S.K.: 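The structure follows.
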Amino acid sequence: MQIRVALPNDMVNKDPVDDGASYHGILADLLIPGRGEPLKNGALVVKDSTIEWVGPQNEIPSEYSSIRFSRVPVLMPGMWDAHTHFEGVGVAIGIRDSMKPFLPGTATLIGAVIVDDMRRTLMAGFTSIRELGGYGGDVAPAIDMGAIVGPHVYAAMSILSITGGHGDIQDVPLQTVLDACAHGSSSSFVCDGVDGCIKAVRQQIRRGAKVIKVCSTGGTLSLNDQPEDTQFSPEELRAMVQEAKRSSRVVAAHAHGKPGIMAALDAGVKSIEHGSYLDEEVAAKMKEKDAILVPTRHIVEGLIDGDDDLDPRQRAKLERGVQLSRDSIKLAIKLGVKIALGTDTFSSDRNHAVAHGKNATELRYAVEAGMTPLQAIEMATATPPETLGPQARKSGQLKAGFDADLIAISSNPLEDIEVLINPDNITHVWKGGVVFKSPR
Ligand SMILES: [Zn+2]
């Protein structure tokens, strides 16, 4: 079952070529394909949920002559955020409320709060998200069934962490954390030793994980570890990557410090999240391994600008990391490391800098760090699906055979990348060929 939202009659024609399918077409003054050069006066034909044809308006095949086309100024693929968390922070729980997710009823409360976060994400032009720890994977079936509105969700379910590591809730009794892990009621999961790590990967896949998230270093928002700390042994990391591979999943590694980044790459992870201490040696290994950097600049700049709720230990680490984060993306761009858009968006508080729906702010930081607007759009569209390895759908490009996840924009983002940041400028959103947002 799929929800059909306000599908304007003039945008769909049944059966122009008599094959029982639904067709609609879009004419765009500028068509940005996601990867490759933009096309002036482009056209695109959607058959059911898939793009069937893309090309210049004066070459539209005659078989589509009976389709009615809508017209937009700029058309591009729906954007992807490859690093998000849907946990109701700021409404259901506070950023320091580490006990709260375990209290009775809280998972339900979080689920209710993130319904609107999902809708806002889609309306901001993000038709797909990768969730690296949180409750988005638990509500994804409701989105797929059409009960609520949101992007495609590719979730890791729980973050995997060593005891005392970045994904552990360090100020809560360990047994409470372990009980929550056993019941699948936490967004993080503690595991140790090769056998424990293999079992943890299997448990996430059992819950519906499309990707596995591990912490190969300490972090900023955890309390008692440091971003430079190395977490998980090389044997544990290798075991998790191999176990994930048996189920056609890849691994994303939360990694700040260089030894933890290198260990994760040696183990075969697909993406490095944050990558604060990226240098020339790291960049060379990432290219050799075809690994992808997800820089998450948005959370760093958003939090440094004044989140008063942070613990002093969290703030001290954030202040130490902000310049590293700025330098790391600049060097990665200069050295040609593959980069996918990821924001670490986590807040359900509408007024928070890192609230859901502001995900496109990441493009601003990428352009400031040296990308052209066209490269930044590729970072937001064609590249992120690759962070899912074999679980990726054909998505993020305007190409025949790809998912019809599309957005229209009121003006040209190649001239000013900022237009993508305000959701009001995203005039249309199609997901799977269905229009979820339009001026009418
Ligand atoms: Zn994160």
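Remember, predicted model here, so these are calculated numbers, not experimental data. In each ligand, atom 1 is the first atom listed, and ligand 1 is the first ligand listed. Residue numbers run from 1 in the order of the sequence given. Just so it is clear, the values below take in all heavy atoms, side chains as well, and ignore hydrogens, waters and symmetry mates.
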S.K.: Keeping to residues at least two apart or across chains, list the ring-ring contact (aromatic ring centres under 6.0 Å, His included) pairs with something in residues 104-138.
M.R.: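 ring-ring contact (aromatic ring centres under 6.0 Å, His included) check on residues 104-138 returns no pairs.
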
S.K.: With His356, which residues qualify under ring-ring contact (aromatic ring centres under 6.0 Å, His included), at least two apart?
M.R.: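 For His356, the residues satisfying ring-ring contact (aromatic ring centres under 6.0 Å, His included) (neighbours in sequence not counted) are Phe86.
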
S.K.: Taking only Lys NZ, Arg NE, NH1 and NH2, and the carboxylate oxygens of Asp or Glu, determine whether Glu301 and Arg326 approach each other closer than 4.0 Å.
M.R.: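 Yes.
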
S.K.: Look at Lys258 together with Glu281 and state whether they make a salt bridge at an N to O cut-off of under 4.0 Å.
M.R.: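 Yes, charged N to carboxylate O under 4.0 Å.
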
S.K.: Applying the side chain to side chain donor-acceptor pair (under 3.5 Å) criterion to Asp266, which one of Lys285, Lys289, Arg238 satisfies it?
M.R.: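 Going through Lys285, Lys289, Arg238 one by one, the side chain to side chain donor-acceptor pair (under 3.5 Å) with Asp266 is satisfied by Lys285 alone.
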
S.K.: What side-chain donor-acceptor pairs closer than 3.5 Å can you find for residues 338-346, not counting sequence neighbours?
M.R.:
from, atom 1, to, atom 2, distance (Å)
Lys338, NZ, Asp290, OD1, 3.3
Lys338, NZ, Glu386, OE1, 2.7
Thr343, OG1, Asp81, OD2, 2.4
Thr343, OG1, Thr345, N, 3.0
Thr343, OG1, Thr345, OG1, 2.7
Asp344, OD1, His83, NE2, 3.0
Asp344, OD1, His85, NE2, 2.8

S.K.: Around the Zn ion (ligand 1), what protein N, O or S atoms are found below 2.8 Å?
M.R.: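 Hits for the Zn ion (ligand 1) below 2.8 Å: His83 NE2, His85 NE2, Asp344 OD1.
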
